[in-house]
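Notes follow the structure.
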Amino acid sequence: DSPLKVLRQYLRRIGQKVQLITTTGIEIKGVLQKATDMEITLTPIPDIKKNKKNTQQENEAAVETIIPYSEIKKCNLI
């Protein structure tokens with residue numbers, strides 16, 4: 001898929017899983033919760049590995065992350 005670039009594209013994909021790369025090179029996967037003129041809000045999807053307790057990772061997944069458009073290098077649907 002082509003990357004999401006404008007607000008209208010983000011608004012149409014609320015509730016869907018996205019993968020983005022920040023301008024600092026950090027990769028974040030999450031569910032798009034909200035999009036405004038200035039930023040998007042994601043609920044991150046943790047990387048859960050088998051045979052590990054994931055209670056801490058599940059708690060981290062519940063925290064919403066706000067990312068300004070100026071910090072998004074690329075954002076695609078998963």
Side-chain angles (χ1 to χ4, degrees):
D1 287 20
S2 22
L4 306 178
K5 294 183 179 181
V6 294
L7 177 61
R8 183 185 77 218
Q9 293 174 319
Y10 286 97
L11 291 172
R12 289 181 49 206
R13 273 107 178 146
I14 289 176
Q16 296 183 10
K17 294 179 184 178
V18 296
Q19 175 179 0
L20 66 86
I21 299 173
T22 65
T23 54
T24 58
I26 298 171
E27 182 180 310
I28 302 171
K29 293 180 183 179
V31 177
L32 184 60
Q33 299 295 327
K34 184 170 54 170
T36 66
D37 291 339
M38 302 295 291
E39 61 200 16
I40 63 170
T41 303
L42 295 178
T43 300
I45 300 171
D47 290 331
I48 299 174
K49 300 198 171 87
K50 293 181 180 179
N51 301 327
K52 287 190 175 183
K53 292 185 179 181
N54 55 9
T55 53
Q56 182 180 4
Q57 290 176 338
E58 288 173 351
N59 290 339
E60 291 173 1
V63 176
E64 290 185 340
T65 304
I66 297 172
I67 304 166
Y69 292 116
S70 61
E71 293 182 19
I72 298 173
K73 182 176 183 179
K74 185 176 180 182
C75 183
N76 287 7
L77 292 177
I78 295 179

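Since the model is a prediction, treat every value here as computed from it, not as a measurement.
Between the CD atom in Glu39 and the OG atom in Ser70 there is a gap of 9.5 Å [rounded to 0.5 Å]. Between the CG atom of Leu42 and the CG atom of Leu20 there is a distance of 5.5 Å, given to the nearest 0.5 Å. With rounding to the nearest 0.5 Å, the separation of CD1 in Ile66 from CD in Glu71 is 11.5 Å. In this structure, CD1 in Ile45 is found 8.0 Å from NZ in Lys29, a value given to the nearest 0.5 Å. Rounding to the nearest 0.5 Å places OG1 of Thr41 at 9.0 Å from CD1 of Ile14.
Within the structure, every pair that satisfies the side-chain hydrogen bond (donor to acceptor under 3.5 Å, both in side chains) test and touches residues 6-23, not counting sequence neighbours, is listed here: Gln19-Glu27, Thr22-Thr24.
Inter-residue side-chain proximity for Leu4 and Ile40 is flagged as unmet; no heavy-atom pair is nearer than 4.5 Å.
Residues Ile26 and Ile72 fall within the same hydrophobic cluster, defined by Ile, Leu, Val, Met, Phe, Trp and Tyr side chains chained together at heavy-atom separations under 4.5 Å. Val18 and Ile21 fall into different hydrophobic clusters, defined by Ile, Leu, Val, Met, Phe, Trp and Tyr side-chain heavy atoms under 4.5 Å apart, directly or through other members. In this structure, Leu32 is a member of the same hydrophobic cluster as Leu77, with clusters built from ILVMFWY side-chain heavy atoms closer than 4.5 Å.
For the side-chain contact (heavy atoms from CB on, under 4.5 Å) test, residues two or more places apart in sequence or in another chain that qualify with Thr65 are Pro44, Ile67. Residues passing the side-chain contact (heavy atoms from CB on, under 4.5 Å) test with Leu7, sequence neighbours excluded: Leu11, Ala35, Asp37, Tyr69.
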